[in-house]
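Just below is one structure, and these are the notes that go with it.
Sequence lines set the chain letters: A, B, ... in the order given, protein chains first and strands last, and positions in each chain run from 1. Since we're looking at a predicted model, the values are computed, not measured.
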Amino acid sequence: MKIALTGNPNSGKTTLFNAVTGKLEHVGNWAGVTVAKKEGQIRKALSQKNKDVVVVDLPGAYSMSPFTSEESITKDYVQKENPDVIINIVDATNLSRSLFFTTQLLSLNIPVVVALNKSDLTQKKKNHIDVKKLSEQLKCPVVETISTKSSHNGLDKLIETVMAVEGNKQISPFNESINESVKEEVEASDKRRYEFVKEIVKASEFKNNSNEKEYLQDRVDRIIANKYLGIPIFALVMWTVFSISQTYLGPFLADLFVGWIDQFYGLIESAMGDSVTPVLKSILLDGIIGGVGAVVGFLPLIMVLFFLLALLEDVGYMARVAVVMDRYFKKVGLSGKSIIPMVIGTGCAIPGVMATRTIKNDRQRRTTAMLTPFMPCGAKLPVIALFAGVFFNDAAWVGTLMYFVAIGIIILGALIVVRITGEKDAKSFFIMELPEYRVPNLKRAFISMFARGKAFIVKAGTIILLCNAAVQIMQSFTWKFDVVLEGAESTSILASLASPFAFILIPLGFGVWQLAAAAITGFIAKENVVGTLAVVYGITNFIDTEELALISGTSEVAHVMGLTSVAALSYLMFNLFTPPCFAAIGAMNSEMDSKKWLFAGIGFQFGMGYVVSFLTYQIGTWITTGSPGAGFIPGLAVVLTLVSLVVYLMYKGNRIAEEKLLTA
Amino acid sequence: MELTMKKSKRLSKKLNSKQVKNIGLTKGSINVPYVIQAIEAPNEAMRNFLFTLGCYEGEHVTIISKLSLNYVISIKDARYSIDEDLAKAIII
């Protein structure tokens, strides 16, 4: 048996889905969190005798005529996949809009059960809905639910009702036979549909409070989304989140955690004794435990960050950020909606890139998909934390700076793209539903945190483990499969593979094979940068267990790497602002839906990373030592070539824009 | 050819002057419920989308506040933030 969950955006479909299946899909208090179809088996306690019940969570839609691509997923599913029962989740605080879609669903001849969700909020507003009357008029069962609650939430009754209607026919309360291909007829019919919905609402809803006057939340919005205060408030919120996760609570938890990893290392080391060959021992200890441990050591920091971000999403702040950013993003040819993929991208670029689906305009969507990976994601955090700790004593400003550099690059990138495409005069509209604020649910934030933490550990235990083992092996052997001798590290397979790349990186200040190798493994997963550095430099862990400092032997680690602070910053920027990991590139590919855009995007990301690192290293070295750094002239030649290419493309784009103006 | 273009321009000017009592939402006052006269979004997809939200001629719209060049409006029972261009397209 297949049950489809449908309803308007932000009506609580995924929350209900998680509650009935026990899954941990991402939820948030704004429209458009879910952009893909998700399936799950119903929990045993709810399924009764019926064993095989699959629930399908669909992206939100306002009607059967899709506006954005994720809405068409919903339409296609209910029309083509023949679900046995449709649960239509109706936001009880907005009956008159939600029921429009409901009446369309009712005409599909699939049994529909309406879940009148957020029924606690209607009561709070002192409004009342006559459920029995509503059910009679819609000709389908209506069950009141509160999917955010863990008990007395009406879900048992909902599922019971769903089981009971399986196999029934569905009578449609609103029937009109019209010619679908005649636009005017469809429009007129839809208007009559809305009139029909209005009649239903009039008969079953009793309101004491209208929505048209100003409420507390509107006054809060005036401050939070204020013309002048909006950006500083956003910056302050983000800074608070990162300083809690990276300077205070995060490192404290990390210390505890790394202690355990150290003990584990010691345990394995003593267990192996002398019976194991040194090469195998070093693959196991330094390659696997050391490399993976170095990455996993950052888990507490990341979990704290995820927890705080989950709280922010739950409050309803994200939609306001989109409003604040809209006027700035509009100037560079994007829309405020582009900020949401970027904020999600701070967790992981893959769901971030997928979230671009809610953007209607093709160019805006593709540009956003191309620029979202610049945002430092969870996997890049260990890299930031490592460099901030080793080369800069204060961890908070480096991290915060990286986010603002990312935002700067994104704005610059958008500006360049809109000029290259010749669409700088194109108009676009912005509309965003503002959800009601609510007190964040701690339990849900914990669930979200653990789900993401688990994903992080799984990744560390699979991809990162394999990569580190491979790096360790390549580092331990020469091409003739002899063990690399001490002092002759540059004869290893790894060194010979990475050296050509290191050559290109000389003008950026880090032209050594170890750092090049770490940057390359970073394309598989960004956490690998930390893992590989740990392996190639033989550092077992980066976090001190004794002092409350993030990194042990700070100056020692810095010495081993042989980098100046400026070169370290340049290396950090290179890792953050070059193309993301392969998985994120895959997501870019599917959302952009154009190979031309994909390759242009990757090329742009490489160019941007190179130029930013070059400028950081050369200007920084100039300021600190009075003369430019190594490889200045060849580097400058590369950078000037890249810049002139972009300028030429922008010039060409401007010509297209002028032609468009002339013909318009 | 040129003549007909000029003619049509003049014609459209005339039409505009006729509609002078209908103004965009940008000129509206806060907290006054208005009846929507027309939606003049240039692309049909946006018009249809607004329709599904219940934003079409004959329906009510209220401006709740103006925030950083965006307008917070109330349609049916929901709050939306729209930008100035879209607000201009909603004729009241």
Point to revise | Side-chain donor-acceptor pair present, Asn10(A), Asn29(A), cut-off under 3.5 Å | key: yes
**Study point:** Asn127(A)-Thr122(A) side chain donor-acceptor pair, cut-off 3.5 Å
**Key:** no
Considering only heavy atoms, which portion of [X] lies under 4.5 Å from any heavy atom of chain B: side chain, backbone, both, or neither?
| X | answer |
| --- | --- |
| Asp190(A) | both |
| Lys191(A) | both |
| Thr93(A) | backbone |

Point to revise | Contacts of Tyr62(A) that satisfy ring pair (Phe, Tyr, Trp, His ring centres under 6.0 Å) - sequence neighbours left out | key: Phe49(B)
Heavy-atom proximity to chain A below 4.5 Å, by part of [X]:
| X | answer |
| --- | --- |
| Tyr71(B) | neither |
| Asp85(B) | both |
| Ile73(B) | neither |

Practice item. Answer yes when Arg193(A) and Glu187(A) have at least one side-chain N-carboxylate O distance shorter than 4.0 Å, and no when they do not. Key: no
Point to revise | Whether Asp326(A) side chain and Ser335(A) backbone form a donor-acceptor pair below 3.5 Å | key: no
Check your understanding: Who among Glu71(A), Lys183(A), Lys360(A) has the most heavy-atom pairs with chain B under 4.5 Å?
Key -> Lys183(A)
Exercise for review: Determine the sole option in Phe100(A), Tyr194(A), Phe196(A) for which the ring pair (Phe, Tyr, Trp, His ring centres under 6.0 Å) test with Phe174(A) is passed.
Suggested key: Phe196(A)
